[in-house]
Amino acid sequence: MNTQHLKKIAAEKATEEIRPGMVVGLGTGSTVYYALLKIGTLVRAGLDIVGIPTSEGTERIATAQGIPLSTLTAHPTINLTIDGADEADLHLNLIKGGGAALVREKIIANVSQRILIVVDESKCARCLGTTYPLPVEIVQFGWEATQRAVNQLCGHSILRGGDEHPLVTDNGNYILDCDFSPVGGITEPAKVEGALNNIPGVVENGLFVNRADKVIVGAAAGLRYMEKNS
Ligand code: 5RP
C-alpha cells in the first residue's frame, strides 16, 4: 500500500468524529489534505460546521472545498481539531511543524476540546527527535543569536531554506530545524519544550506534549489507534 493511501484512510477516519454544529480546527499538511477533501464533500452534502484553519495554505484548500471558515475571535473554543504530525510516540507526544504551521497549530490545539492526529505508520517513533528534526519558529531579528542559544540545547540546527532564501512563515518568522539525533533524541519532551520557549527570540517549538487525545495511524495492516489513558 502506498503512503498516500495510508494518509487518506487515517484522515478520512478522523472526519467520522465530526458532528453537525461543531467548530472544527483544520490542521495543515499532506495528510490533513485528505480530511479537508472529505469535509468538503460532507459540507456540500449539507453538514453544518465551521472550520478554523491553522495556516494560509489550509485556508486556501478549505475555501476551495466550500468549507465555511471562521476565526478564534468569533469562536474562542474549538470542539474538535484534526491535524497531522511529523513524529508521534507511544505517549501521544508529537513533533509538528514540518509544514511550518506550528505556531497556529499550537494556538488552535490549546483551545481544542478534542484533538485527533492523523499519520501514516512511518511517523510512529519510539523516541521523538530520532528520525525528524524539531522545528522551532524564531523571530527574524537577531536570529543568529537565537540559533546559538537553541544549539546549546540541541547541538545543531539549520535555518530552513538556507541563509540566502530562508523560509518565512505565515507569521513572518524563520524556522530552525533542530537535530536531536546525535544526543539520542528528545528523552524529556516537556522539559525541552519549556526550555526552548524560554529562549528570547523563540516564538514556539514543534513539541506537542500531552495534547493529542487520539492518534489515528494508517498502516499497511489497516488502521491503528493510540488513545490517551489507554
Ligand atoms: C505542519 C505540520 C504537519 O501536520 C506535519 O508536518 C505533518 O505533515 P504531513 O501530513 O504532510 O506529513 O505540523 O506544520
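Ligands are counted one by one from 1 in listed order, and the atoms in each one are counted from 1 as well. Note that this is a predicted model, so its numbers are computed, not measured.
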Would you call Leu90 and Arg126 a side-chain contact if the rule is heavy atoms closer than 4.5 Å?
-> no
Report the nearest protein non-hydrogen atom to atom 8 (O) of ligand 1: residue, atom name, distance rounded to 0.1 Å.
-> Gly29 CA, 4.0 Å
When distances are taken from atom 6 (O) of ligand 1, the protein heavy atom at minimum range is Asp86 OD1, 2.6 Å
Cys154 versus Ile186: any side-chain heavy-atom pair under 4.5 Å?
-> no
Check Gly97 against Ile175 and note the closest heavy-atom contact, atom names and distance.
-> O-CD1, 4.5 Å
Whether Thr54 side chain and Leu26 backbone form a donor-acceptor pair below 3.5 Å = yes
Atom 4 (O) of ligand 1 - nearest protein heavy atom and its distance | Thr28 O, 2.8 Å
Within-shell test, Gly27 vs ligand 1, heavy atom, strictly < 4.0 Å | no
Determine the minimum heavy-atom distance between Val119 and Val215, stating which atoms define it.
-> CG2-CG1, 3.8 Å
Ligand 1 atoms nearer than 4.0 angstrom to some heavy atom of Gly84 are 4 (O)
Which residue and heavy atom of the protein sit nearest atom 11 (O) of ligand 1, plus the separation | Ser30 OG, 2.5 Å
Atom 2 (C) of ligand 1: which protein heavy atom is closest, and how many Å away?
-> Glu105 OE2, 3.3 Å
Please table the atom pairs, donor to acceptor, closer than 3.5 Å between any side-chain atom in residues 200-207 and protein atoms at least two apart or in another chain.
{"unit_1": "Glu204", "atom_1": "OE2", "unit_2": "Lys106", "atom_2": "NZ", "d": "2.8"}
{"unit_1": "Glu204", "atom_1": "OE2", "unit_2": "Asn197", "atom_2": "ND2", "d": "2.7"}
{"unit_1": "Asn205", "atom_1": "OD1", "unit_2": "Leu207", "atom_2": "N", "d": "3.0"}
{"unit_1": "Asn205", "atom_1": "ND2", "unit_2": "Glu193", "atom_2": "O", "d": "3.0"}
{"unit_1": "Asn205", "atom_1": "ND2", "unit_2": "Asn197", "atom_2": "OD1", "d": "2.7"}

Report the nearest protein non-hydrogen atom to atom 10 (O) of ligand 1: residue, atom name, distance rounded to 0.1 Å.
-> Thr31 OG1, 2.6 Å
Atom indices of ligand 1 within 4.0 angstrom of Asp83 heavy atoms, with elements = 4 (O)
Could you find the nearest protein heavy atom to atom 12 (O) of ligand 1 and give me its residue, atom name and distance?
-> Lys123 NZ, 2.7 Å
Applying a 4.0 Å heavy-atom criterion (strictly less than), which segment of Pro135 is in contact with ligand 1: side chain, backbone, both, or neither?
-> neither
Between Gln113 and Thr77: side-chain donor-acceptor atoms closer than 3.5 Å = no
Candidate pair Asp120 and His5, rule side-chain contact (heavy atoms from CB on, under 4.5 Å), full reasoning = CA-CA 9 Å; Asp120 67 83; His5 179 72; over 6 Å; no
Any atoms of ligand 1 less than 4.0 Å from a non-hydrogen atom of Ala101? List them with their elements.
-> 14 (O)
Chi angles and distances behind the side-chain contact (heavy atoms from CB on, under 4.5 Å) call for Ile52, Ile108 | CA-CA 8 Å; Ile52 316 254; Ile108 295 277; 3.6 Å; yes
Residue portion contacting ligand 1 (non-hydrogen atoms closer than 4.0 Å) for Ser55 | neither
Keeping the roles fixed (side chain from Gln65, backbone from Ile39), state whether a donor-acceptor pair exists under 3.5 Å.
-> no
Just which atoms of ligand 1 are under 4.0 Å from any heavy atom in Ala100?
-> 14 (O)
Kindly identify the option in Gly97, Ser122, Ala10 whose heavy atom sits closest to atom 13 (O) of ligand 1.
-> Gly97
Numbering as shown, the atoms of ligand 1 that approach Gly99 to under 4.0 Å (heavy-atom distance) | 1 (C), 2 (C), 6 (O), 14 (O)
